[in-house]
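These notes concern the structure reproduced below.
The structure displayed is predicted, hence computed values, not measured ones.
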Amino acid sequence: MSKVECLAMILAGGKGSRLGVLTKNVAKPAVLFGAKYRIIDFTLSNCRNSGISTVGILTQYQPLELNWYIGNGSSWDLDSEGGGTFVLPPYMNDKDSSNWYQGTADAIYQNLNFLDMIDPQYVVVLSGDHIYSMDYGTMLAFHKKHHAKATVSTLRVPLSEAPRFGIMNADNNFRIVEFEEKPARPKSDLASMGIYIFDKETLKKYLVEDAARRDSDHDFGKNIIPKMLADGVPVFAYPFDGYWKDVGTFESLWQANMDLLSDNPPISLNDPAWRIYSGNQSLPPHYVGPQGSMVSSLAGEGAVILGRVMHSVIFYGVQIEEGAEVTDSVIMPGAVIEKGAVVDHAILGERCRVKAGAAVRGKVGSIRVYGNDSVVAPAEDDVPAAASGKGAK
């Protein structure tokens, strides 16, 4: 393998517990998004578009569907002879027979042999469960310009939301002088995006030191970055001003899908210079029948729309029968909305069926969610969601 300047390591083993029924059988990065994609498509596409051709993908929770989906990386043109996509699950070694990844830093530490095999000059550590478009090459140029040993991508957030993030305090030259992990009283609105670039040798040194500490959470935000700052290592904050969303809750996942539904969406799926790639289904085009209609919506391949769809995201293979109405909703593959049914402000999982005459009604701040293979019968929307016993939120 030829010398690699920059290796990407994607943390894709998250359980996504706040997504409840949607991550019962799949890891969060494999959750469906935007009528034809999965969440991890955005990080993989960013790597491909940024010219990073060697990618390690660290999986753990419910990895089967994610591993199948990624395959050899060909859908993202990441199967080149000079690079490649490597799926890196936890594995047994001679020291520990049950060595699950214990934190973000530990996941990379357990794959130091892979880093040594690839031997890059720089390592970019990424999350596989965010929706955004970003040129990592521009961030790497920033890293080099400032002679940084570590660079953290940052985003301005409302102060009211800052306690949810790792918060940076930086000087006028972007050098980080203080880091606070989810502070109750944040001093800044500069939030970590969980995207890091490290010089490889610096990263190795701190990962090895951290692994030896029994009191560590083995986490980049909680342990590695604060230790670097305490040692006076030059760590810089890269300012990112584009669209970025952590789709870790039902509401944020729904909102990110709704963000796609405008003439000028905050993140574009149509930019020929920055394509979002995916493992496409081999299905016929979607069909809108003579009594059907679609307004401000997206529809995947193979969808059959005989009813009305307004401001919604419809995945491949969905059937919406005559007289059915879908508004402000996300309908995942294989779902069926029968005649006269109503779905409003909802997320319906794969193969979910809303029976004729049934109604699913949520609202902003209280999205109705049903898991895979759920069946919604008439009048069920009068039953509290938690009591329905059919995968409801």
Side-chain angles (χ1 to χ4, degrees), residues 10-44 57-70 100-101 103-104 107 126-132 161 164-165 182 193-194 243-260 267 278-279 298 300 312-316 318 328-335 343-352 354 360 362-374 376 384-393:
I10 301 177
L11 300 167
K15 184 176 181 180
S17 57
R18 291 179 297 168
L19 289 176
V21 294
L22 298 180
T23 52
K24 183 178 180 180
N25 297 307
V26 298
K28 182 182 171 186
V31 169
L32 294 151
F33 178 82
K36 65 175 292 180
Y37 305 98
R38 293 178 188 264
I39 295 172
I40 198 170
D41 284 332
F42 290 80
T43 303
L44 288 171
I57 303 173
L58 290 77
T59 62
Q60 182 159 276
Y61 172 79
Q62 295 283 12
L64 292 180
E65 189 165 342
L66 184 61
N67 293 351
W68 164 80
Y69 182 69
I70 293 168
W100 296 108
Y101 297 146
T104 55
L126 306 166
S127 171
D129 53 14
H130 298 148
I131 302 296
Y132 68 112
E161 295 183 17
R164 296 173 44 225
F165 297 91
K182 298 182 179 180
M193 297 167 62
Y243 179 92
W244 177 88
K245 191 174 284 288
D246 179 357
V247 286
T249 65
F250 292 133
E251 202 74 25
S252 62
L253 178 64
W254 174 84
Q255 185 59 63
N257 275 279
M258 296 300 104
D259 286 345
L260 303 174
I267 181 169
S278 70
L298 296 176
S312 293
V313 172
I314 309 300
F315 275 83
Y316 47 86
V318 167
D328 293 317
S329 294
V330 179
I331 313 299
M332 293 188 174
V343 178
D344 185 13
H345 285 80
I347 300 175
L348 302 187
E350 297 182 61
R351 301 173 301 279
C352 188
V354 181
V360 176
K363 60 183 178 180
V364 175
S366 184
I367 301 301
R368 294 296 298 269
V369 181
Y370 286 83
N372 295 351
D373 301 299
S374 298
V376 184
S388 70
K390 297 186 179 178
K393 175 181 171 183

Legend entry - Heavy-atom donor-acceptor pair, Ser329 side chain to Ile347 backbone, under 3.5 Å: no
Inset, instruction - Could you tell me which non-hydrogen atom of Asn372 sits nearest to which non-hydrogen atom of Glu350, and how far apart they are? - result: OD1-N, 2.8 Å
Legend entry - Atom of Gly34, atom of Phe315 and distance for their closest heavy-atom approach: N-CZ, 3.6 Å
Inset, instruction - For Ala256, enumerate each residue passing the side chain to side chain contact (heavy atoms under 4.5 Å, CB included) test, keeping only those at least two apart in sequence or located in another chain. - result: Phe33, Tyr243, Lys245, Val247
Inset, instruction - Report yes or no: does Glu251 contribute a side-chain atom to a donor-acceptor pair with the main-chain N or O of Gly365 at less than 3.5 Å? - result: yes
Legend entry - Contacts of type side chain to side chain donor-acceptor pair (under 3.5 Å), residue Thr104, not counting sequence neighbours: Asp219
Inset, instruction - Can you sort out the partners of Thr43 under side chain to side chain contact (heavy atoms under 4.5 Å, CB included), two or more places apart, ordered by chain and number? - result: Ile10, Leu126, Tyr132, Tyr136
Legend entry - Test side chain to side chain contact (heavy atoms under 4.5 Å, CB included) applied to Ser278 - qualifying residues, sequence neighbours left out: Lys36, Tyr37, Asp41, Tyr69, Asn280
Inset, instruction - Please name all residues satisfying salt bridge (charged side-chain N to carboxylate O under 4.0 Å, His left out) with Asp373, sequence neighbours left out, ordered by chain then number. - result: Arg351
Legend entry - Spacing of Ile39 atom CD1 and Ser127 atom OG [to the nearest 0.5 Å]: 9.5 Å
Inset, instruction - Let me see the working for Val330 and Leu348 under side-chain contact (heavy atoms from CB on, under 4.5 Å), right down to the final yes or no. - result: CA-CA 6 Å; Val330 179; Leu348 302 187; over 6 Å; no
Legend entry - Lys28 backbone acceptor or donor facing Thr23 side chain under 3.5 Å: no
Inset, instruction - For Ser374 and Gly371, indicate whether the former's side chain and the latter's backbone hold a donor-acceptor pair under 3.5 Å. - result: yes
Inset, instruction - With the side chain counted from C-beta on, respond yes when Val343 and Ile331 share a heavy-atom pair under 4.5 Å apart, and no when they do not. - result: yes
Inset, instruction - Identify, with sequence neighbours excluded, every residue that meets side chain to side chain donor-acceptor pair (under 3.5 Å) alongside Asn257. - result: none
Inset, instruction - Check whether any side-chain N or O of Trp254 sits under 3.5 Å from a backbone N or O of Val364 as a donor-acceptor pair, and report yes or no. - result: no
Inset, instruction - Indicate yes or no: at least one non-hydrogen side-chain atom of Leu22 is less than 4.5 angstrom from one of Val369. - result: yes
Inset, instruction - Taking all non-hydrogen atoms of both residues into account, name the closest pair between Leu32 and Met332 and its distance. - result: O-CE, 3.8 Å
Inset, instruction - Could you check if a side-chain atom of Tyr370 sits within less than 4.5 angstrom of a side-chain atom of Val21, using non-hydrogen atoms only? - result: no
Inset, instruction - Using the six-membered ring wherever Trp is involved, compare the ring planes of His130 and Trp244 and label them parallel, tilted or perpendicular (cut-offs 30° and 60°). - result: perpendicular
Legend entry - Closest approach of Ile57 to Ala12 (non-hydrogen atoms, all atoms of both residues): CG2-CB, 3.8 Å
Inset, instruction - Taking all non-hydrogen atoms of both residues into account, name the closest pair between Ser252 and Asp246 and its distance. - result: OG-O, 3.4 Å
Inset, instruction - Of all the heavy-atom pairs spanning Ala35 and Val313, show the shortest one and how long it is. - result: N-CG1, 3.3 Å
